[in-house]
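Report on the following structure.
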Amino acid sequence: MLAGLPNYLTLFRIALIPVVAVLFFLNSDLGYWIASFFFVIACITDYLDGYYARTLRQTTQLGQFLDPMADKLLIASTLLLLVGFDHIKGISLIPSIIILCRELLVSGLREFLAETKMSMPVTQLAKWKTALQMTSLTILIAATPLTDYVYLHTLGTFGLWVSAALTLITGYDYCRFGLKHLSNELRATSSISPK
């Protein structure tokens, strides 16, 4: 069982997404607080699966695919729930859109680079960005529209804007990396093409 522990943790993170979603549909303070608890558990597994994969030397291709995919599913679904239940609205939709668009773009880049046998390394800034996103989303889940937690909602919204700024920076870095690799591939292809 220990051999697959990192992958099990990643799958557990994915399995928690519908749990969080169902709790939103209770539309009660208690439901939102329990949802934020399960969201935190899911975020903790993001750290643990990477930690165990490294320390137990159990890095697998499946894990390298599943881990970032689980993060994107968790972040994207939670953002959609927060928007749908009015925890995020108005101008605060802008960072949500930025984050979702960046996740789609990076997923496409990863898929393209995988076909060329080139992996896209995760930067330290991207890890900080993910941590800030998860923290902000946790706060926004707990700061329900049904209560007067204005300070919590303001803090979560501020964190969302900052993480959107980091999202733009890391997205630019990934795009630059992908385009550089693409231009190198095109140059290599043209140099071996018959004249």
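What you see is a predicted model, and the numbers here were worked out from it, not measured in a lab.
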Checklist entry - Can you tell me how far CD1 of I139 sits from OH of Y151, rounded to the nearest 0.5 angstrom? => result 10.5 Å

Item to check | Student check: side-chain heavy atoms of I88 and T157 closer than 4.5 Å | outcome: no

Checklist entry - Are D49 and Y8 linked by a side-chain donor-acceptor pair shorter than 3.5 Å? => result no

Next on the checklist: Can you confirm whether L23 sits close enough to L26 that some side-chain heavy atom of one is under 4.5 Å from a side-chain heavy atom of the other?
Outcome noted: yes

Checklist entry - Any side-chain heavy-atom pair from I44 and V40 closer than 4.5 angstrom? => result yes

Item to check | Side-chain touch W161/S92, heavy atoms, less than 4.5 angstrom | outcome: yes

Checklist entry - Does one hydrophobic cluster hold both L73 and L16, with members joined at side-chain heavy-atom distances below 4.5 Å? => result yes

Checklist entry - Is there a side-chain contact between M134 and L74, using heavy atoms and a 4.5 Å cut-off? => result yes

Checklist entry - Got a second to check how far Y172's OH is from L168's CG, nearest 0.5 Å? => result 12.5 Å

Checklist entry - So, for A164 and P95, which heavy atoms are closest and what is the spacing to 0.1 Å? => result CB-CB, 3.5 Å

Checklist entry - Checking T45 side chain against L48 main chain: does a donor-acceptor pair fall under 3.5 Å? => result no

Item to check | Same apolar cluster: V83 and Y32, side chain cutoff 4.5 Å | outcome: yes

Checklist entry - Of the non-hydrogen atoms in S77 and I17, which two are nearest, and what is the gap between them? => result OG-CG2, 3.2 Å

Item to check | Minimum-distance pair of heavy atoms, taken over all atoms of G156 and S136 | outcome: O-CB, 3.6 Å

Checklist entry - What are the two closest heavy atoms between T10 and A70, and how far apart are they? => result CG2-CB, 3.7 Å

Next on the checklist: Parallel, tilted or perpendicular: which one describes the rings of F24 and H87, with boundaries at 30° and 60°?
Outcome noted: tilted

Checklist entry - Can Q133 and L166 be said to form a side chain to side chain contact (heavy atoms under 4.5 Å, CB included), step by step? => result CA-CA 10 Å; Q133 277 180 2; L166 294 178; over 6 Å; no

Checklist entry - Is T138 close to I141 at the side-chain level, that is, under 4.5 Å between some pair of heavy atoms? => result no

Item to check | Student check: side-chain heavy atoms of F12 and I41 closer than 4.5 Å | outcome: yes

Checklist entry - Are L137 and W128 co-members of a hydrophobic cluster defined by side-chain heavy atoms under 4.5 Å apart? => result no

Checklist entry - Is the closest side-chain heavy-atom distance between T170 and R102 below 4.5 Å? => result yes

Checklist entry - Just checking, any donor-acceptor pair under 3.5 angstrom between side chains of E103 and T167? => result no

Checklist outcome for this item: Heavy atoms of L79 and I99 approach each other most closely as CD1-CG2, 3.7 Å

Item to check | S163 to L160 - nearest heavy-atom pair and separation | outcome: OG-O, 2.9 Å

Checklist entry - Is I98 linked to L81 within one hydrophobic cluster, defined over Ile, Leu, Val, Met, Phe, Trp and Tyr using a side-chain heavy-atom separation of less than 4.5 Å? => result no

Item to check | hydrophobic_cluster_shared for L80 and V20, side chain cutoff 4.5 Å | outcome: yes

Next on the checklist: To the closest 0.5 Å, what do you measure between CG (L9) and CG (D46)?
Outcome noted: 10.5 Å

